[in-house]
Asks: 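Please see the structure below; I have some questions.
Below, chains carry the letters A, B, ... as their sequence lines are ordered, and counting in each starts from 1.
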Amino acid sequence: MNTAATNDFARASSLAHRAGHICRWTRTLIPTLREAPSDATVPSHQLMLRAGLMRQVAAGVYDYLPLGWRSITKVANIVREEMDAAGSAEIFLPVLVPMELYAGTKRDEAYGDLLFQLEDRHGRRAALGPTHEETITELCKSAITSYKQFPLTLYQIQTKFRDEFRPRAGLLRGREFLMKDAYSFHLVQEGEGGLDETYDRLHAAYTSMFIRCGLDFTIVEAESGPIGGSASHEFMVNAETGEDTILICEKSGYAANVEKCEIGERPWKFTPHAQQLTDHHTPGMPGIDKVVEHLGIQASGMLKSVVFSNTEAGNRKWIVAVVRGDHDVNEAKVRDAVGFAVQLADEKEAKQAGFAIGYVSPRVVATIANTTLLIDPDAATGLATGVWATGADTKDHHVTGFDWARDLGSPLPVDQVATDAGRGCSVRVVGVRNAEPGDPSPKAAGSRLVARRGIEVAHIFKLGTKYSDAFDFAMMDKAQQRQPVTMGCYGIGVSRTVAAAIEQNHDDAGIRWPMAIAPYHVLIVLMKPDDADHAAHAERIAAELSEAGIDVLIDDRAERPGVKFKDADLIGLPIRLTLGAKSLEEGAVEFKLRSDDSKGDLVPIAEVVARCVSEVERGLAAKA
RNA sequence: CGGGGUGUAGCGCAGCUUGGUAGCGCGUCUCGUUCGGGACGAGAAGGUCGGAGGUUCAAAUCCUCUCACCCCGACCA
C-alpha cells in the first residue's frame with residue numbers, strides 16, 4: 001500500500017468532523033419481508049429485497065429505499081474522498097448523449113442494442129449514456145487550451161443506462177445503475193504528468209477504496225473490450241456466485257481474467273501416425289458437441305478451426321485459428337499473433353471465399369489464398385497419438401484420422417513459422433486459446449493456474465489516443481509540436497459494489513454489513529418503546545453516538561422482541577444495542593456485534609458510547 | 001436473440017388434468033390477552049386470476065394471440 005492510501009485510512013477513521021445521523025424506524029421506510037420474492041435467486045438480490053433496501057420496478061430497474069440508498073451513498077462518498085485525494089475533480093455530465101457524438105467513435109455500432117436510444121420531438125436522436133468518453137472528450141477538447149493544464153482527471157458519479165440482453169441478479173447486473181466514471185488527460189504516457197503516473201495513482205486509490213469498503217478482492221489484468229485501449233485492470237470481489245472467472249497463479253500472485261490470461265510455455269510437436277484419413281457424413285452438425293457424439297470421440301481429439309478476417313476494408317486477409325475441440329479461441333491472442341485487428345469472419349463472405357463454415361479444417365490453408373493458419377500448441381501436439389478429427393471442408397462432412405504432416409498439404413513449421421509467400425499463406429504455431437485452470441503459469445515455472453469466481457466492481461483502462469484521435473483532440477507541446485492527447489478512463493460500479501459486499505458478507509439470518517458501508521453503524525433495539533424512561537435512555541445514547549459521528553437507527557416499533565431481533569439480523573447493522581427492562585435496571589445495555597454469534601454482553605450505560613466508538617473505528621480501519 | 005420456466009391479495013403458494021361459489025399460510029386493520037428470538041383468540045379489509053380475443057349456458061381452468069418477469073447461454077461497472 002502506498003503512503004497516500006495509508007493516510008486516507010487515518011482520515012477516514014476519524015469521526016470527529018461529522019455528526020452521525022439518527023433515524024427512527026417508525027419514521028422511515030424499511031419494508032422487510034419474511035420470505036424472499038421468488039424472482040430473486042442470488043443471496044445479495046434476495047437480501048436486498050428482504051431487508052427492504054430496494055424494490056424492483058422492471059427488469060434490471062430498481063427503487064432504492066432508505067437503507068439501500070444510504071449504503072450506496074456511503075460507497076459513493078468513499079469513492080469521492082479517494083478520488084478527490086488522488087487529485088481528481090468531480091463534475092456532472094448529462095445523461096442524454098446526442099447521437100452525433102458517436103459519429104467519430106462508431107461506438108453506437110460497437111454498443112449496438114446495448115444503447116438505450118430515444119428521439120426528441122424534433123426527431124433528434126440521443127442515447128442515455130452507457131459511459132461518457134465521447135461527452136467528456138468533446139468537453140475537454142473545447143475547454144482545455146494548453147498542455148500546461150495537464151494532467152487533468154475528472155470524474156462523476158451518475159446513473160448509467162445499458163439495455164443489457166439479460167439483466168439479472170438484482171444490482172449485480174442492472175440496466176440502470178450507479179457508476180463512477182473518471183477520465184484523465186495527458187500529453188504523454190510516460191514520465192511526469194503522464195498517463196502511467198495517473199493510472200498508477202488511481203490504481204492505488206481504487207485499492208484503497210475497496211479496502212475501506214471492507215471487501216475481499218483481487219486485481220486482475222484484463223482485456224479492454226469495446227472501450228478500447230492498452231493496459232487494463234479489473235477489480236474483482238471474490239465471491240463464488242460471481243459471474244466472472246479469473247485465473248490466478250498462487251506462486252507469483254499473477255491474476256488475470258480468462259480473456260486476458262497468458263499461458264506459460266507449452267512444448268509442442270506434430271506426431272505422425274498410421275491411421276487413415278476417413279470421411280464421415282455428419283449432416284447438420286456444425287458444432288463440436290454433436291459431431292463428437294456422432295463419431296463417438298472426445299472433444300479433445302478434435303481440431304476446431306475458427307475463421308477470422310482483418311477489419312480494414314479491401315485487401316481481405318483470412319486467419320484460421322485452430323485449437324483443440326475442448327478449448328476456446330481467444331480473439332485478442334489471434335489479433336496479437338497477426339499484428340492487426342481481426343474479427344470473426346462474416347459467414348457470407350467466408351463462404352464466398354470457399355470456407356465451409358462449420359466444417360472448416362486446417363487444410364484450407366492449402367486451397368484458399370491469403371490465409372494465415374494459426375495452430376495452438378495443444379492443437380499441434382494432441383493428447384497422445386496425434387490422431388485428429390476435423391472438418392472435411394465440405395458441408396455436412398467431417399474427417400477422422402487427420403495427420404498434420406501428411407494431410408495438411410502445406411509445409412508445417414518446425415520451429416515457429418512456415419510461409420508460402422507466393423500465395424500469401426503462412427502456418428504458425430502460436431498460443432491462440434483462452435487459458436484454463438491447470439494451464440502452466442506464465443510467471444512462475446512449475447506453477448499451475450487455478451480458477452476463482454469474482455464480481456467485477458471496477459475496471460480501469462489506458463485508452464491512449466483512441467478517443468482523442470476520433471475527436472481530433474490534440475495540443476501543442478512545449479516544443480510547439482502538435483500531439484494527440486493521451487487518455488485514461490476509470491470506472492466503478494457503485495451500486496454493484498453494494499450488492500457484491502452483501503454477496504460476500506451475509507449469513508442465513510441476513511446481511512452482515514462491513515462497517516464503512518453499513519446504512520447505519522448502530523441499531524438501538526428498544527424493547528419497550530412505550531416506556532418513557534427507556535425511550536429517554538435510547539434518545540440520550542443516540543444523541544451521544546451521533547455527536548461522536550456514528551449513524552444510529554432506533555427500532556422504536558411496537559413489535560414483539562422476536563420480530564425486532566429477526567429484523568435486526570436481517571438488515572445486518574454492525575452493532576446492536578438492546579435496551580430492555582432487565583439490563584436497564586442494572587444500569588446497562590446489551591451490546592452485540594452482528595458478526596458475533598454469541599448473545600453479546602452487558603455494558604454500563606456510561607461506557608456504551610465509548611465502546612461503540614472504538615468498535616466503529618476498529619471496523620472502519622479494518623483491512624480486507 | 002436462442003433454449004427453459006412462471007404469472008392467482010403486499011409476500012409465499014394451492015386450485016387448472018376432469019369448466020360451475022376464488023382458496024390457504026404469512027403480512028395488514030380493529031379489540032382483548034400477551035411481551036427477550038418471527039405470540040394467542042375473536043373479528044375485518046384486501047383479488048379486472050398478467051392482458052386481448054375465442055369456444056361454451058358457464059372460463060383462473062380449454063384454444064389462439066400478446067405482454068411481463070425469472071433461469072441457462074454471448075457482452076459488461
Asks: At their closest point, which heavy atom of A/M54 faces which heavy atom of A/L49, and how far apart are they?
Replies: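 That closest heavy-atom pairing would be O-CD2, 3.4 Å.
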Asks: Kindly point out which of B/C71, B/C75, B/C11 is positioned nearest to the side chain of A/T41?
Replies: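 Ranking B/C71, B/C75, B/C11 by closest atom to the A/T41 side chain puts B/C71 first.
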Asks: Say we look at B/C26 and B/C63: how far apart would their P atoms be, to the nearest angstrom?
Replies: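 Roughly 35 Å separates the two P atoms.
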Asks: With both distances under 3.5 Å as the test, what is the Watson-Crick or G-U wobble partner of B/C1?
Replies: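 Partner of B/C1: B/G73.
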Asks: Nearest 0.5 Å please: distance from the CG atom of A/L570 over to the CG atom of A/L47.
Replies: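 Between A/L570 CG and A/L47 CG, I get 6.5 Å after rounding to 0.5 Å.
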Asks: Which word best sums up how the rings of A/Y62 and A/H45 line up, parallel for under 30°, tilted for 30 to 60°, or perpendicular for over 60°?
Replies: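 Answer is perpendicular, since the angle exceeds 60°.
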Asks: Provide the Watson-Crick or G-U wobble partner of B/G23, both distances under 3.5 Å; none if there is no partner.
Replies: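 Across all strands, the one nucleotide that pairs with B/G23 is B/C13.
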Asks: Taking any heavy-atom pair under 4.0 Å as a contact, classify A/A169: base, sugar-phosphate, or nothing.
Replies: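 Sugar-phosphate only.
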Asks: In whole angstrom, give me the gap between the C1' atoms of B/G15 and B/C31.
Replies: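 So the two C1' atoms sit 34 Å from each other.
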Asks: Rounding to an integer number of angstrom, what distance separates B/A45 and B/U28 when you compare their C1' atoms?
Replies: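 Here B/A45 and B/U28 have their C1' atoms 8 Å from each other.
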Asks: Hunt down the Watson-Crick or G-U wobble partner of B/A42, both distances under 3.5 Å, from any strand shown, or write none.
Replies: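 WC or wobble partner is B/U30.
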Asks: OP1, OP2 of B/C70 versus side-chain N and O of A/Q56: anything below 4.0 Å?
Replies: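 Checking A/Q56 against B/C70: at least one side-chain N or O falls below 4.0 Å of OP1 or OP2.
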Asks: B/U18 pairs with which nucleotide, Watson-Crick or G-U wobble, both distances below 3.5 Å?
Replies: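 Paired with B/U18, as far as the under-3.5 Å criterion goes, is no nucleotide at all.
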Asks: For atom C1', what is the distance between B/C13 and B/U6, given to the nearest Å?
Replies: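 It comes out at 13 Å once rounded to the nearest Å.
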Asks: Partner of B/C35 by Watson-Crick or G-U wobble geometry, both contacts under 3.5 Å, or none?
Replies: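 Base-paired to nothing in any strand shown.
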Asks: Write down the atom of A/T241, the atom of A/E503, and the distance for their closest heavy-atom approach.
Replies: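 In terms of heavy atoms, the two residues are closest at OG1-OE2, 2.8 Å.
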Asks: Below the 4.0 Å mark, does B/G27 have OP1 or OP2 next to a side-chain nitrogen or oxygen of A/R34?
Replies: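 Checking A/R34 against B/G27: at least one side-chain N or O falls below 4.0 Å of OP1 or OP2.
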Asks: Pairing donors with acceptors under 3.5 angstrom, does anything connect the side chains of A/Y206 and A/H233?
Replies: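 Side-chain D/A pair, A/Y206 to A/H233: absent.
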Asks: Mind checking A/A568 for me? I need base, sugar-phosphate or nothing, with any heavy atom below 4.0 Å counting as a touch.
Replies: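 If one applies the 4.0 Å heavy-atom cut-off, A/A568 turns out to touch nothing in the nucleic acid.
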Asks: For A/A40, answer base if it contacts any base atom (sugar-phosphate contacts may also be present), sugar-phosphate if it contacts only those atoms, and nothing otherwise; contact means non-hydrogen atoms under 4.0 Å.
Replies: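 Here A/A40 touches no strand at all.
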Asks: For atom C1', what is the distance between B/U21 and B/A59, given to the nearest Å?
Replies: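 B/U21 and B/A59 have their C1' atoms separated by 14 Å.
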Asks: For A/D181 and A/Q158, test the side chains for any donor-to-acceptor distance below 3.5 angstrom and give the result as yes or no.
Replies: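 No, no side-chain donor-acceptor contact under 3.5 Å.
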Asks: Could you tell me whether A/E81 and A/R212 make a salt bridge, using a distance below 4.0 angstrom between a side-chain N and a carboxylate O?
Replies: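 A salt bridge is present here (some side-chain N lies under 4.0 Å from a carboxylate O).
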Asks: Within the structure shown, what part of the strands sits under 4.0 Å from A/D181 by heavy-atom distance: base, sugar-phosphate, or nothing?
Replies: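 Result for A/D181 = nothing.
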Asks: Quick one: does A/R173 reach the base of B/C75 with a side-chain donor-acceptor pair under 3.5 Å?
Replies: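 Indeed there is one.
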Asks: Is there a Watson-Crick or G-U wobble partner for B/U56 with both distances under 3.5 Å, and which nucleotide is it?
Replies: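 Result: none.
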Asks: Looking only at atom C1', what distance separates B/G51 and B/C69, rounded to whole Å?
Replies: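 About 14 Å, rounded to a whole number of Å.
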Asks: For nucleotides B/A22 and B/G50, find the distance between their P atoms and express it as a whole number of Å.
Replies: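 My reading of the P atoms in B/A22 and B/G50 gives 15 Å.
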Asks: Below 3.5 Å is the cut-off: list the nitrogen or oxygen pairs between protein and nucleotides 32-37 of chain B, distance only.
Replies:
from  : atom 1 : to     : atom 2 : distance (Å)
B/U34 : O2     : A/R560 : NH1    : 2.7
B/G36 : N1     : A/E590 : OE1    : 3.1
B/G36 : N2     : A/E590 : OE1    : 2.0
B/G36 : N2     : A/E590 : OE2    : 2.9
B/G37 : O6     : A/R576 : NH1    : 2.9
B/G37 : O6     : A/R576 : NH2    : 3.0
B/G37 : N1     : A/D569 : OD2    : 3.3
B/G37 : N2     : A/D569 : OD2    : 2.2

Asks: For A/Y155 and A/H132: C-alpha separation, side-chain torsions, deciding distance, then whether ring-ring contact (aromatic ring centres under 6.0 Å, His included) applies.
Replies: CA-CA 10 Å; A/Y155 77 96; A/H132 281 84; over 10 Å; no
Asks: With C1' as the reference atom in both, quote the distance from B/C40 to B/G5 in angstrom, rounded to an integer.
Replies: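 Looking at atom C1' only, B/C40 and B/G5 are 40 Å apart.
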